[in-house]
Amino acid sequence: MGDCKKKIIIIGGGIAGLSAGVYAKMSGFDVTVYEKNPVAGGECMGWNRKGLHIDNCIHWLTGSKKGTALYNVWTDIGALSDDTIYAPIKAFFASKDGDTEAVLWYDLDRTENELSEQFPKDEKEIKKFVKYVRYAMCCQYPADKPQEMFNAIDGITMFFKLFNMIKVMIRYGNISLDEYSKRFKSPILRHMFTEYLPGCYTAYSFFVAYASMCDGNGDVPMGGSLKMVRRIIDKYVSLGGVLKTNSKVEQIIIKDGKATGIKLSDKEEVSADYIISAVDPKVLFGNLIDESYMPKLLKRAYADEEGYPVTSGFQVAFMADKGAFDGEMTFARVRELKVAKSAIDSLSLKTYEYDDTFNNGDKTVFQTIIWQTDKDYRYWKALSKEEYNMRKISVANEVMERLIEVYPNLKGHMEILDVWTPLTYERYCGAYHGSYMTQITTPHHKKIKLNGKVKGLDNVIMASQWVEAPGGLPMAVCSGKFAVQRILKKEGMSIYKWKE
């Protein structure tokens with residue numbers, strides 16, 4: 001493969017930055033990743049409390065299905081292998097309202113039969129839902145190369161591969177989940193379709209998420225997020241890549257219209273031929289370089305919170321006795337609870353008892369997540385440090401109280417382990433409004449999709465989940481690969497140099 005004398009600096013050691021690092025090293029570049037935190041991984045992170053492990057990220061990992069282009073990316077960077085073991089999960093989630101429970105199984109036939117029998121008045125809509133979930137199974141991200149590098153044959157091939165997905169987008173691409181849920185007569189089904197994803201999401205997003213898991217393309221690797229990150233770091237370092245943690249980049253140095261390097265928080269300056277920004281765009285534009293470089297589409301999105309909202313979460317992890325909860329992931333109707341500016345009447349409860357990584361003796365981890373909006377973020381941000389800490393614990397106690405009301409057998413068998421909010425994501429990851437995804441693509445608004453270029457700085461390339469909605473791990477890992485392919489093309493080299 002041979003070494004290249006060109007030097008690449010990558011700002012940010014999350015999934016996008018680490019992915020770019022691996023591909024850049026496999027292409028022969030001199031590469032250093034700078035990460036401001038003590039541990040690389042960004043939002044794909046986990047941590048320990050009282051001998052138990054808390055996972056912050058992977059609810060499902062798109063690309064776990066062998067033979068898909070995205071699976072090949074995960075294996076390229078060392079995140080997955082053919083020997084990876086996945087969690088024995090059987091359902092997307094269950095929705096509980098009193099004594100009634102509806103389950104979306106990975107087995108679509110079982111879902112269709114059970115829900116049709118439970119809710120005969122909705123049988124027609126249930127069958128239509130399952131039909132379009134099957135259509136959505138073809139929706140696999142084109143992770144081979146950036147779409148601006150597609151030729152005519154690539155475009156035609158993708159069209160035919162995604163033909164059934166086009167049907168889903170035509171039928172459900174112009175309505176929100178809130179609107180879609182109203183097509184069902186049963187209250188529990190109406191509620192189900194706005195529990196897992198916020199109701200403002202375009203409806204087809206739900207179909208794609210569920211379809212991925214039913215197709216075996218959304219499994220959860222055992223060991224969780226942090227262990228997966230460590231596998232990627234091991235691959236990067238084994239290739240000779242340099243990872244500098246506790247190294248905050250304060251500025252990209254620009255001279256005569258070109259980025260020449262970076263300045264660190266300790267004032268050290270490091271030169272480079274290319275810089276890959278794998279951080280939140282609000283950190284890049286305004287902190288590292290001037291905001292005037294920001295793409296117009298991003299500017300419009302930040303200015304239009306109604307059309308492009310972001311979501312974060314208020315999350316609580318509990319230490320619980322094993323066997324105290326008989327389920328995997330359940331949303332239950334609860335007595336109304338106010339969290340910041342949002343009033344909610346449903347709470348999730350997820351157990352990690354299936355993975356010994358999370359357990360300690362007879363104790364395991366339960367977690368719950370409550371969606372938070374731009375307005376909620378501002379609520380938390382306005383509090384003093386003392387008010388913030390008090391309110392955070394107060395809400396966590398109310399969450400536990402509501403869960404015990406629904407599941408009385410949990411009383412005396414769980415205690416609060418940790419609590420985190422949108423401000424946690426902002427502090428740790430520099431995430432805009434504490435968001436752990438990109439701006440939501442709502443009906444009738446243009447999807448955010450960027451080509452990674454920074455106009456006026458042709459040797460600075462963006463690589464983060466924010467490059468393309470809806471973001472998340474698939475967009476992040478591919479953006480790292482695509483950033484390197486863009487550099488390879490600029491250098492007149494094969495965009496698959498690592499395969500040579």
Side-chain angles (χ1 to χ4, degrees), residues 58-62 89 91-97 101-108 110-112 114-116 119 122 124-141 162 164-220 308-311 313 328-331 344 346 348 350 369-371 373 436-445 447 469-475:
I58 301 176
H59 299 291
W60 75 87
L61 186 68
T62 307
I89 300 172
F92 188 13
F93 69 91
S95 187
K96 177 180 171 62
D97 187 355
E101 186 173 81
V103 184
L104 295 178
W105 300 100
Y106 286 176
D107 181 338
L108 271 175
R110 183 178 180 182
T111 295
E112 181 176 354
E114 285 190 6
L115 293 185
S116 296
F119 311 104
D122 286 308
K124 184 178 178 180
E125 200 63 50
I126 290 165
K127 289 183 179 296
K128 188 185 295 183
F129 166 68
V130 171
K131 175 183 176 181
Y132 279 85
V133 170
R134 293 189 193 280
Y135 284 155
M137 284 183 180
C138 73
C139 187
Q140 295 178 8
Y141 187 70
L162 298 179
N164 279 337
M165 185 59 205
I166 295 171
K167 300 176 185 178
V168 182
M169 295 183 72
I170 289 173
R171 183 171 286 272
Y172 300 110
N174 292 316
I175 62 170
S176 68
L177 278 171
D178 274 329
E179 294 169 310
Y180 173 67
S181 68
K182 293 173 184 175
R183 298 184 178 186
F184 294 87
K185 298 179 177 66
S186 305
I188 191 170
L189 295 183
R190 289 202 300 269
H191 214 67
M192 171 182 273
F193 287 101
T194 57
E195 287 180 314
Y196 199 87
L197 295 174
C200 58
Y201 265 68
T202 304
Y204 74 77
S205 303
F206 190 94
F207 287 76
V208 172
Y210 184 32
S212 295
M213 282 167 275
C214 293
D215 194 37
N217 199 28
D219 291 329
V220 179
Y308 294 95
V310 298
T311 56
E328 292 172 351
M329 175 73 161
T330 301
F331 284 83
I344 63 152
S346 176
S348 65
K350 181 177 182 180
I369 178 171
I370 298 167
W371 297 111
T373 66
Y436 44 70
M437 297 285 281
T438 63
Q439 286 102 336
I440 296 171
T441 302
T442 54
H444 314 301
H445 285 79
K447 176 184 175 181
L473 292 174
M475 304 300 106

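The model shown is predicted, which means the values in this text are computed figures rather than measured ones.
A distance-only check finds no donor-acceptor pair linking the side chain of Arg190 to the backbone of Arg183 [under 3.5 Å]. In this structure, Ser181 contributes its side chain and His191 its backbone to no donor-acceptor pair below 3.5 Å. At least one donor-acceptor pair under 3.5 Å links the side chain of Asp122 to the backbone N or O of Ser186. Side-chain N or O atoms of Ser212 include none that pairs as donor or acceptor with a backbone N or O of Asn217 at under 3.5 Å. Here the side chain of Ser348 pairs a donor or acceptor atom with the backbone of Ile369 at under 3.5 angstrom. Without hydrogens or angle criteria, His445 side chain to Pro443 main chain gives a donor-acceptor distance under 3.5 Å. Side-chain atoms of Tyr132 do not come within 3.5 Å of backbone N or O of Lys127 as any donor-acceptor pair.
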Legend entry - From CA spacing to verdict: ring-ring contact (aromatic ring centres under 6.0 Å, His included), Trp60, Tyr106: CA-CA 12 Å; Trp60 75 87; Tyr106 286 176; over 10 Å; no
Inset, instruction - Evaluate the criterion side chain to side chain contact (heavy atoms under 4.5 Å, CB included) for residue pair Phe119 and Ile188; output intermediate values, then yes/no. - result: CA-CA 10 Å; Phe119 311 104; Ile188 191 170; 3.4 Å; yes
Inset, instruction - Decide side chain to side chain contact (heavy atoms under 4.5 Å, CB included) for Leu115 and Leu104; before the verdict, give the C-alpha distance in whole Å, the side-chain angles of both, and the deciding distance to 0.1 Å. - result: CA-CA 9 Å; Leu115 293 185; Leu104 295 178; 4.0 Å; yes
Inset, instruction - Mind running side chain to side chain contact (heavy atoms under 4.5 Å, CB included) on Tyr210 and Leu108 for me, showing each step along the way? - result: CA-CA 10 Å; Tyr210 184 32; Leu108 271 175; 3.7 Å; yes
Inset, instruction - Start with the C-alpha distance between Met165 and Val208, add both sets of side-chain angles, then the distance that settles side chain to side chain contact (heavy atoms under 4.5 Å, CB included), and finish with yes or no. - result: CA-CA 9 Å; Met165 185 59 205; Val208 172; 3.3 Å; yes
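Residues Tyr308 and Thr442 are not in side-chain contact: their nearest non-hydrogen atoms beyond the backbone lie 4.5 Å or more apart. Taking the side chain as every heavy atom from C-beta outward, Ser205 and Pro470 never approach each other to under 4.5 Å.
The aromatic rings of Phe129 and Phe206 are tilted relative to each other, their planes meeting at an angle between 30° and 60°.
In this structure, OG in Ser346 is found 10.5 Å from CE in Met192, a value given to the nearest 0.5 Å.
Here the rule is ring pair (Phe, Tyr, Trp, His ring centres under 6.0 Å) with Phe207, and of Tyr180, Phe193, Tyr201 only Tyr180 fits it.
Taking a 6.0 Å sphere around NZ of Lys128, one finds it holds more than 12 heavy atoms contributed by other residues, nucleotides or ligands.
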